[in-house]
Amino acid sequence: MTNWEFARLEYRAAGTLGADRFMDWTATFHHPGGVLRWGTDERFDDLRHLNRAGAAGWQAYDRAAMHVHNEPHRLSSVTYSMRRPVP
């Protein structure tokens, strides 16, 4: 039987940097040891952050995307649920 520890990677539109605010994305990693801010990207590029989590042994097993209602159809956040076996 495998015991797991769980984490999540939140990737959100920053909404702060001028007219292209929906193009800037902030990555935040929540895990049992606390919260890590992984920085802001100039464009949607979550693969770099997923690879970083994967290098630490985390596996993504679910992805949830969120759109803001009554706004133009833009992606506003993506949350990845992650797990890794407890040694």
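Because only heavy atoms are used, hydrogens play no part in the values below, and waters and symmetry mates are left out as well, while side chains stay in.
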Report yes or no: is the cationic atom of Arg83 (NZ for Lys, CZ for Arg) closer than 6.0 Å to the six-membered ring centre of Tyr61, at no more than 45° off its axis? yes
Would Arg52 count as a cation-pi partner of Trp38, with NZ or CZ less than 6.0 Å from the six-membered ring centre and within 45° of the ring normal? yes
Heavy-atom distance under 4.5 Å between the side chains of Thr40 and Trp25, does that happen here? no
So which heavy atom on Trp4 is nearest to which on Val86, and how close? C-CG2, 3.7 Å
Show the nearest heavy-atom pair for residues Ala56 and Arg84, with the distance to one decimal. O-NH1, 2.8 Å
So Thr79 and Leu9, do their side chains get closer than 4.5 Å, heavy atoms only? no
Distance check, rounded to the nearest 0.5 Å: Tyr11 atom OH versus Thr28 atom OG1? 10.5 Å
Any idea how Phe29 and Trp58 line up, ring-wise: parallel (<30°), tilted (30 to 60°), or perpendicular (>60°)? perpendicular
CZ of Arg37 to OG1 of Thr26, rounded to nearest 0.5 Å, is 9.0 Å
Say you draw a straight line from CZ of Phe6 to CE of Met82; how long is it, rounded to the nearest 0.5 Å? 12.5 Å
Rounded to the nearest 0.5 Å, what separation is found between the OG atom of Ser81 and the CZ atom of Arg8? 8.5 Å
